[in-house]
Amino acid sequence: MDHISPVIWQFLVKWMTNFALFPPEASKIAPQMDALYFFMVLVSLIGLTVVVLLVTAFSILYNKERHPVAEQIEGSTLLEATWTIIPLGLFLVMFVWGALIYFRVFTPPANAMNIYVVGKQWMWKAEHPGGQHEINSLHVPTGRAVQLTLISQDVFHSFSIPAFRVKREAIPGRYTTVWFEATTPGTYHLFCTQYCGTEHSHMIGDIVVLTPEDYKKWLADSTSGASLAQNGERLFASLSCSACHNTRPDARGPSLAGVYGAKLPLTAGGTVTADDAFLREAILNPSQHVTQGYAPIMPTYQGQVSEEGVIALVEYIKNLDSNYRIQQTLNTTELLPESEGTAPAKSPAAKGSGSQGPATQGTVKP
């Protein structure tokens, strides 16, 4: 550095820092991704150098002037084995290394904070568990594992944060997940990297990484007054879901208390785990999975409830850990407005769901 002009040095530093193909490392997984990337680049450069040197050397040593008459050169088994085994070994190292990183990226920790992200032409909408809503922006804390549950409301999108080295497709009708742990406070670029229509280039945003203290302050200042589960409870009541999913002996739908994470027996045979994807499917396509012991009478809510509404219902059911909240919802159904929710809840695993069961939002109407 002593022999480089300060102006040139500053230019190089800024250029490398802002170079689009090499964004900063702002997540826990980023250095691991970069290490694999640079290893692959190094192997490729070494291979390119060896090939170029051999081609150049052979062109000089075995040209027509030196060898006017062509001679037959027998192959070497040792040489062929060497140039086969060494590249194979390098490729296997890359494969195993890449597989380990892949499984790490798509296997979130059990205590990860979950944030829902809905992609639509041409914007990203984030839904925090506390009820905070963001458009084309996402606030996250440092030092905390964050899981994103993605879905698209129209066409395929791809949620990409280059500084975190994560990218995940948002697919219509299906949840996908990805997680990260931010390490450096700052504002980073968010892109959609899947062509999604004429305004695709405008589908961008910011990832704002805050310290834990600043993040708590942001949560307090950005609250909408009701949590995601509370909004789901109100929607649950407005759709009269509790008319069938309640604690009565003659209930036409299974109890939803503790259903999340439970193994549910199905009428068609077999069992299914009541996870986020299953709850969503049970709301929109209830006839697909009918809980054993119940008739397939639950109507579909496809087209009647938005993706944000489905997310709120799923969050409400996930947090139901007793029948008390369902009974309260049943008692106050006539009093609740048709939008948000009355009170949060808590959940883990219980009974059936299926055609009219685990569906969060809509359940069989009376």
Side-chain angles (χ1 to χ4, degrees), residues 17 23-30 105 108-120 122-151 153 157 159-168 170 175-192 202-235 276 306-316 318-319 339-346:
T17 302
E25 297 175 342
S27 73
K28 209 169 183 181
I29 200 69
V105 169
N111 63 343
M113 176 177 67
N114 188 48
I115 298 175
Y116 294 93
V117 178
V118 179
K120 58 181 76 173
W122 287 272
M123 57 176 277
W124 297 106
K125 184 173 183 181
E127 302 270 358
H128 294 257
Q132 295 81 5
H133 307 290
E134 300 186 77
I135 293 179
N136 292 335
S137 181
L138 178 62
H139 287 71
V140 296
T142 57
R144 175 83 184 273
V146 176
Q147 173 181 305
L148 302 180
T149 299
L150 304 156
I151 194 167
Q153 194 164 295
H157 300 284
F159 190 90
S160 175
I161 313 172
F164 293 176
R165 310 299 192 267
V166 296
K167 183 175 84 76
R168 189 63 161 148
Y175 288 134
T176 56
T177 60
V178 70
W179 78 278
F180 57 80
E181 183 177 325
T183 56
T184 309
T187 301
Y188 304 97
H189 293 298
L190 164 64
F191 297 102
C192 174
H202 293 170
M203 195 167 174
I204 56 177
D206 294 319
I207 305 296
V208 182
V209 180
L210 305 171
T211 62
E213 296 74 22
D214 289 339
Y215 182 69
K216 287 180 183 178
K217 187 172 183 293
W218 177 83
L219 287 177
D221 294 341
S222 305
T223 181
S224 61
S227 70
L228 205 53
Q230 287 176 312
N231 291 335
E233 184 177 17
R234 293 201 180 188
L235 184 55
D276 295 48
S306 67
E307 283 298 342
E308 288 89 344
V310 174
I311 287 171
L313 284 167
V314 169
E315 193 68 15
Y316 169 61
K318 285 169 65 174
N319 285 278
S339 52
E340 304 159 18
T342 48
K346 271 212 107 202

Pairwise side-chain contact, H139 with S222, heavy-atom cut-off 4.5 Å (strictly under) = no
What closest approach, in Å, do E25 and T183 show between heavy atoms, and which atom pair accounts for it?
-> O-OG1, 4.3 Å
For A126 and S137, which heavy atoms make the closest approach, and how far apart are they?
-> CB-O, 4.1 Å
Roughly how far, to the nearest 0.5 Å, is OG1 of T177 from CD1 of I151?
-> 12.0 Å
Taking the side chain as C-beta and beyond, is there a heavy-atom pair between L148 and F180 under 4.5 Å?
-> yes
Can you tell if the side chain of L235 reaches within under 4.5 Å of the side chain of Y316, non-hydrogen atoms only?
-> no
R168 side-chain N/O to F159 backbone N/O, donor-acceptor pair under 3.5 Å = no
From I204 CD1 over to C192 SG, what is the distance, rounded to the nearest 0.5 angstrom?
-> 11.0 Å
So, for G119 and M203, which heavy atoms are closest and what is the spacing to 0.1 Å?
-> CA-CE, 4.2 Å
Aromatic rings H157 and W124: how do their planes relate, parallel, tilted or perpendicular, breaks at 30° and 60°?
-> perpendicular
Chi angles and distances behind the side-chain hydrogen bond (donor to acceptor under 3.5 Å, both in side chains) call for D206, T187 | CA-CA 6 Å; D206 294 319; T187 301; over 6 Å; no
Do the side chains of D276 and E315 get nearer than 4.5 Å, heavy atoms only?
-> no
Please report the C-alpha distance between V178 and T176 in whole Å, then the side-chain angles of each, then the deciding distance to 0.1 Å, and finally whether the side chain to side chain contact (heavy atoms under 4.5 Å, CB included) criterion is met.
-> CA-CA 7 Å; V178 70; T176 56; over 6 Å; no
Quick one: are L228 and Y116 in side-chain contact, heavy atoms under 4.5 Å?
-> yes
Could you tell me the separation between the OG1 atom of T142 and the CD atom of E181, rounded to the nearest 0.5 Å?
-> 8.5 Å
Q153 side, atom CD; M123 side, atom CE - distance, nearest 0.5 Å = 8.5 Å
Measure the acute angle between the ring planes of F191 and H189, then classify it against the limits of 30° and 60° as parallel, tilted or perpendicular.
-> tilted
Give me the one residue out of V208, I115, L190 that meets side chain to side chain contact (heavy atoms under 4.5 Å, CB included) with L138.
-> I115
Minimum heavy-atom distance between P129 and S227, given as atom pair plus value | O-CB, 3.5 Å
Flag side-chain contact, heavy atom, 4.5 Å: V209 against T184 | no
First locate atom NZ of K216, then atom CG of L210, and finally report the distance between them rounded to the nearest 0.5 Å.
-> 13.0 Å
What is the minimum heavy-atom distance between I29 and F164, and which atoms define it?
-> CG2-O, 3.4 Å
Can you tell me how far the CD atom of E134 sits from the NE2 atom of H128, to the nearest 0.5 Å?
-> 3.5 Å
I311 and V118, any side-chain heavy atoms less than 4.5 Å apart = yes
Work out which heavy atom in A182 is nearest to a heavy atom in P141; give both atom names and the distance.
-> CB-O, 4.0 Å
Residues two or more places apart in sequence or in another chain: which of them pass ring-ring contact (aromatic ring centres under 6.0 Å, His included) with W179?
-> none
Note, W218 side chain near Q132 side chain (heavy atom, < 4.5 Å) | yes
